[in-house]
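Below, chain A is the first sequence line, B the second, and so on; all start at residue 1. Everything numeric here is computed off the predicted structure, so don't read it as measured data.
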Amino acid sequence: MGFLVLFLFTLPIFSSFLMAFARQWPARAILVGQVALSIAGSAALFSLGEGDLSPPVSFMNEPVYFSVHHTPLLIYICLLFILGVLIFVHSRRGDNFLTNFQAGLVCLSLSFGFIAFISGQFMVRYIALDIVGLLVAVSLIDSFADEGGMRDFKFTFIILRLGDLFLLAAILLLQFHSQTLDIAAMIAGAAELPVGISVWAFVCFILAVSVKSGAPPFDRWVRKAQARRHPVLFWLSGFLMPALGYYLLYRVLPIREGEPLLQGITFAFGAASLLFNYLAGGRKPAGVSFARTSGFYSALLMCVVAFETPDHLGWYFVGLLLSRLVLLLYRDDVPVLRALRWAFPFAVNLIFILLNLSAMLPGTLAVWGALSAVVLLLDWRTSRRPQPEGAAGGNAGARDIGNGDRVDMVSAVERAAGWVNRSFEGAILAAGFEKAKSGVLRLAGWLADNIENRFDPAMAWLGEKLMRTSAIERSYDRGIDWIGEKFMGLARGALVEVEIRPTERSAEAVDEALHSLTDYEDRTSNRSFRRDLIWIPLFLIVVLLFMVVIARG
Amino acid sequence: MAFTQFLLLGITVLPFIGIVVLLIWGKATKKQAGTIGIISESLALLIIILLYPTLKQQDAIRFSVPWIANMDISFSLRLNWLSLTFLVTEVLVTLVAMIYSLGEETGEKRSNFYYALLLLFSLGMSGTTLAEDVFLFYVFWELMLIASVLLILIWGHGEIRFKVSLKYFIVTHLGSLLVLIGLISLYVNLGTANVSELVAGAKMLPLATQRYLTAFFLIGFSVKMAIFPLHIWLPDAHTVAPMPVTIILAAAMLSMGTYGILQFPFAMFSLEAIQPFAIWMMIAGLISEVYGALMALAEKDIKRIIAYSSVSQMGYILFGMGTLTMQGMEGAILHVVYHAIIKALLFMVVGVLIDITGKRSIEDIGGLGMKYPILCICAAIGVLGISGMPPLGIFNSEWMIFSGGFNSDIPVVLTVLTLLGSLFTVFYALRFFGGVFFGDRKPAGLPAKAPLALTIPTLAVAVFLLIEGVMPDTLLDWALRGFATIFGGAG
């Protein structure tokens with residue numbers, strides 16, 4: 001089992017390197033070979049049964065483990081089958097095939113998609129989902145000169161990144177309480193969370209699922225991808241990413257078991273998405289819109305799983321993915337596809353009913369029955385409308401053909417649809433990203449003009465005020481001047497009184513003394529022996545003798 | 001004295017010897033001067049590698065000789081797990097910047113002074129992380145500032161460099177003065193300048209004293225981190241400085257503020273004293289994150305775009321520290337390292353772009369992806385890395401920072417806002433990448449190939465980032481031990 005997991009992860013990476021460096025090798029052959037080997041490997045893994053793998057690997061001190069279960073493997077095999085069908089169909093049609101770079105992207109996504117499906121640890125799953133999101137966004141770029149592709153890349157990457165951030169928030173909220181990244185343990189531990197935390201975490205999960213599965217109104221990136229891409233490359237955006245979204249929902253569903261609030265939230269999200277999809281698409285040109293119809297499926301799925309955990313959900317996912325395939329391949333001139341387009345969803349849902357009847361899930365069935373009937377009815381109604389020129393097939397886009405010329409606005413629902421189309425879908429979502437982007441840019445520009453660029457003038461102004469014009473500074477200068485003057489006066493006085501005058505006086509005194517001494521010297525130096533002073537030594541001798549006598553007693 | 005202690009001294013002495021040699025050797029060509037600088041820095045790195053096994057055994061290596069004996073001030077160095085992370089980051093970044101500078105035009109004249117100052121800059125940062133004496137810390141701290149100011153003043157671009165270097169000096173020095181007040185207060189209150197003794201004694205200080213000292217340190221170090229609105233020195237200094245200096249400023253010097261916060265208020269004071277500042281740190285981090293990203297979005301000069309992204313990234317680090325949780329702190333330390341690598345990479349890419357096009361406005365550059373694919377790949381790795389794409393490093397640190405946010409006592413909404421605010425990073429990063437490498441606005445007269453001397457170091461850093469992102473366990477271990485050093489008193 002471990003070997004097969006390693007094989008399914010590393011082989012596509014090897015193939016992508018082969019395509020990157022061995023340009024002479026045909027991309028189609030390598031990709032077909034890769035898909036065949038992946039199907040064989042996945043089938044072999046499927047046949048080995050279910051189990052958990054704990055390889056001796058860790059990332060950021062968190063052990064990495066894989067949960068090899070039938071449901072993710074089933075979805076993965078279905079995805080591989082769809083990819084094979086897309087390659088086959090477009091080979092038959094003689095369309096240009098992918099470049100080596102594009103085929104390499106598909107191979108890489110096979111590898112990381114596989115890891116995202118079987119990872120039993122949330123961080124690894126998050127990383128794999130992030131990388132697949134990047135590959136989806138990169139697949140929208142044709143060349144370095146393709147500015148439109150770059151715009152779509154930015155849009156898709158940012159939307160998917162937003163979904164990833166919601167997912168990250170949810171994971172970290174759960175990890176805080178469970179202190180593990182083991183998905184099963186985190187989900188099981190969620191039951192003991194405070195309601196506030198579990199609601200936040202669950203809402204974040206639902207938002208992440210909505211983004212990844214392309215549920216309205218987070219489906220614009222799917223539309224952009226469909227409008228631009230080669231169908232084989234569109235597999236990334238139209239199949240792999242939504243399937244990963246479905247499976248993420250499947251894994252986190254147990255959180256809301258027995259929690260009416262969370263069940264209500266799930267249903268509300270699904271219903272709002274469904275309603276939005278209808279209202280937004282209700283006045284669009286008729287015909288098959290892959291993004292819109294698959295958006296219906298994603299929204300419907302959320303409503304269906306809101307209340308109870310239906311068994312056999314994996315098969316239902318497979319059915320939804322195959323329905324998407326039929327939708328993508330649908331062409332008016334192929335009768336089989338025309339029939340399949342209607343029959344297939346019915347068949348999928350019918351099987352689902354039959355499977356669930358054994359489990360006796362009346363609530364789910366009621367919701368499913370009612371909503372799928374509504375969806376199909378609305379879809380049928382939409383498709384009956386006249387089609388404007390140039391809007392046949394493919395992506396219906398966000399154009400409003402309304403103006404009341406083709407569609408009778410007889411019902412309140414249709415009026416609401418018209419309003420949503422004009423004001424919300426058209427005005428906000430169609431140009432929403434550009435508007436949001438320009439809004440952010442305007443805000444950034446305003447901040448730059450009004451805060452950032454004013455720092456320097458403000459500092460200069462402040463400095464000027466402080467240094468030149470402020471009263472404090474002037475007073476300070478005056479004070480300093482006054483103190484300086486006083487000190488100077490004092491110093492001058494002191495200098496005169498203490499230094500200069502005494503010096504002059506002492507100099508005079510010294511001069512005088514020196515002068516007196518000189519005079520005395522002059523007077524005495526020329527004299528002969530002074531007999532008149534002989535008495536002084538004689539007197540001293542007498543005194544000495546007297547003292548000697550006294551001393552002897 | 002053990003051999004390892006002498007080795008520790010070598011981390012500061014070897015660059016110093018390099019400086020002396022360069023100052024004496026006035027006639028050294030740029031290549032010769034660069035070689036001296038690179039050898040000095042490589043030897044310092046080698047010493048760190050040699051010390052690593054001992055550090056694993058002992059948790060700290062010390063060297064101390066008396067300096068001003070009657071004031072109880074000594075030349076004390078200490079290598080522990082917290083300083084190791086910052087030291088390795090700084091030495092590696094300086095080494096890369098020196099290698100990169102050989103391929104570009106800066107420092108052609110007075111090369112010996114140029115490389116001597118680069119070494120002095122590095123010495124200041126190494127000393128800051130190693131100093132175990134607060135006065136020594138401050139000396140190295142200011143040495144770092146003086147060297148960088150001189151580098152901008154002498155080799156900066158345009159006449160504006162005089163004004164910019166003065167602004168950089170005044171603003172960061174104001175922050176340094178607050179730090180100095182804090183250091184002197186600690187010295188006066190506890191009667192020692194030894195960091196380990198201060199760590200042991202500071203918790204005994206009255207709570208009010210601890211709190212006002214925390215405020216001083218936080219504001220002072222936040223200036224170095226360039227947290228909004230104390231970031232006003234950064235965009236100009238990063239833009240005007242020659243590219244190797246910009247790389248060191250953005251990738252290494254900003255982290256010194258983080259080190260200061262972790263080493264002083266966090267390691268010294270009680271949790272009770274720091275707690276009231278936690279929410280303000282997180283709010284300031286959030287504002288800085290979003291504001292820096294918005295400025296990067298509004299900016300047209302490619303060098304300033306990356307400069308503003310530093311303001312944004314420092315916001316994450318402050319936020320992580322503000323969580324006061326193990327994950328948040330570890331995330332902040334990891335973010336320092338990853339940010340350093342990514343910022344070095346992005347500035348190197350910008351340097352090559354400016355070198356080959358001669359232009360700096362994003363409106364004048366475009367469509368370079370096909371012509372310079374290796375540069376485009378390096379830029380893509382940097383841009384995706386800074387956007388938090390796994391497994392490119394910053395994903396790992398952001399994961400831990402946000403995890404710390406959810407684990408903290410602060411309202412969850414603040415963490416959710418910071419998490420969603422990271423989307424702005426994607427906006428400006430993609431704008432930069434798309435604007436430069438896509439479209440058809442290719443400037444005329446481009447060289448056939450990007451200069452290899454610049455491209456090879458850039459590619460090396462990109463590969464290093466990939467490796468560090470995929471195998472983060474060693475760094476994580478360092479961050480964990482660094483956290484233990486801060487709160488467990490280890491080392």
Side-chain angles (χ1 to χ4, degrees), chain A residues 58-62 123-124 126-131 133-134 137-138 141 143-147 149-151 153-155 157-158 161-162 164-166 168-169 171-177 179 196-197 200 204 436-437 440-449 451-453 455-456 458-459 463, chain B residues 163 167 171 228-229 231-232 235-236 291 293-299 308 366-371 373 376 384 387-391 395-396 398-400 402-403 405-407 412 415-416 419-420 422-424 426-428 430-431 433-435 437-440 442 470-473 476-477 480:
Chain A
S58 69
F59 184 71
M60 290 183 71
N61 294 340
E62 293 285 347
M123 190 193 286
V124 173
Y126 176 86
I127 291 172
L129 282 171
D130 236 11
I131 292 174
L134 175 67
V138 172
I141 303 174
S143 68
F144 284 110
D146 180 17
E147 282 197 63
M150 187 62 201
R151 270 199 301 277
F153 165 79
K154 283 185 204 170
F155 178 85
F157 186 71
I158 287 169
R161 188 98 188 105
L162 182 68
D164 288 332
L165 291 177
F166 283 126
L168 179 61
I171 294 170
L172 293 177
L173 277 168
L174 292 189
Q175 189 202 8
F176 167 46
H177 287 274
Q179 297 299 317
I197 298 292
W200 273 109
C204 287
K437 197 173 74 177
V440 171
L441 278 172
R442 272 203 303 278
L443 173 67
W446 183 88
L447 285 173
D449 290 343
I451 298 181
E452 193 64 14
N453 296 345
F455 266 125
D456 276 355
M459 293 295 280
Chain B
K163 194 180 153 193
K167 179 178 165 186
V171 175
F228 175 84
H231 70 288
I232 52 169
D236 288 339
Y291 182 83
L294 286 176
M295 288 306 102
L297 200 57
E299 199 45 76
Y308 273 116
L368 300 181
M370 183 57 94
K371 201 165 176 63
C376 180
L384 291 174
S387 304
M389 265 299 293
F395 159 76
N396 305 341
E398 280 185 0
W399 177 288
M400 301 198 75
F402 295 138
S403 176
F406 284 118
N407 276 282
V412 169
T415 308
V416 172
L419 199 146
L420 292 178
S422 66
L423 205 60
F424 287 110
V426 183
F427 274 106
Y428 76 73
L430 290 185
R431 177 173 167 261
F433 183 67
F437 292 101
F438 285 80
D440 50 9
K442 208 179 289 177
V470 176
M471 294 186 280
D473 287 350
L476 203 64
D477 182 46
L480 187 66

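- With a 4.5 angstrom heavy-atom cutoff, A:E62 does not touch chain B via any of its atoms.
- Residue B:K371 does not touch chain A at all, counting heavy-atom pairs closer than 4.5 Å.
- Of the possible donor and acceptor atoms, none in the side chain of A:K154 sits under 3.5 Å from a partner among the backbone N and O of A:G149.
- Contact tally against chain A (heavy-atom pairs below 4.5 Å) for B:G388, B:P391, B:S422, B:A296: the top residue is B:G388.
- Of the residues considered (A:I131, A:L134, A:I127), A:I127 shows the highest number of contacts with chain B, using heavy-atom pairs under 4.5 Å.
- Here B:F437 and B:F433 bring their ring centres to under 6.0 angstrom of each other.
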Under the side-chain contact (heavy atoms from CB on, under 4.5 Å) rule, what do B:F406 and A:I171 come out as? Steps first, then yes or no, please. CA-CA 10 Å; B:F406 284 118; A:I171 294 170; over 6 Å; no
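- Considering only heavy-atom pairs separated by less than 4.5 Å from chain A, the leading option among B:V426, B:L384, B:N407, B:L476 is B:N407.
- Between chain A and the options B:S387, B:G439, B:A293, heavy-atom pairs under 4.5 Å are most frequent for B:G439.
- Between chain A and the options B:S403, B:G434, B:G367, B:G405, the largest number of non-hydrogen pairs under 4.5 Å is found for B:S403.
- Minimum interatomic distance between B:L423 and A:R161 (heavy atoms only, all atoms of both residues): CD1-CG, 3.8 Å.
- With a 4.5 angstrom heavy-atom cutoff, A:F157 touches chain B only via side-chain atoms.
- Using a 4.5 Å cut-off between heavy atoms, B:P235 contacts chain A through its side chain alone, with no backbone atom that close.
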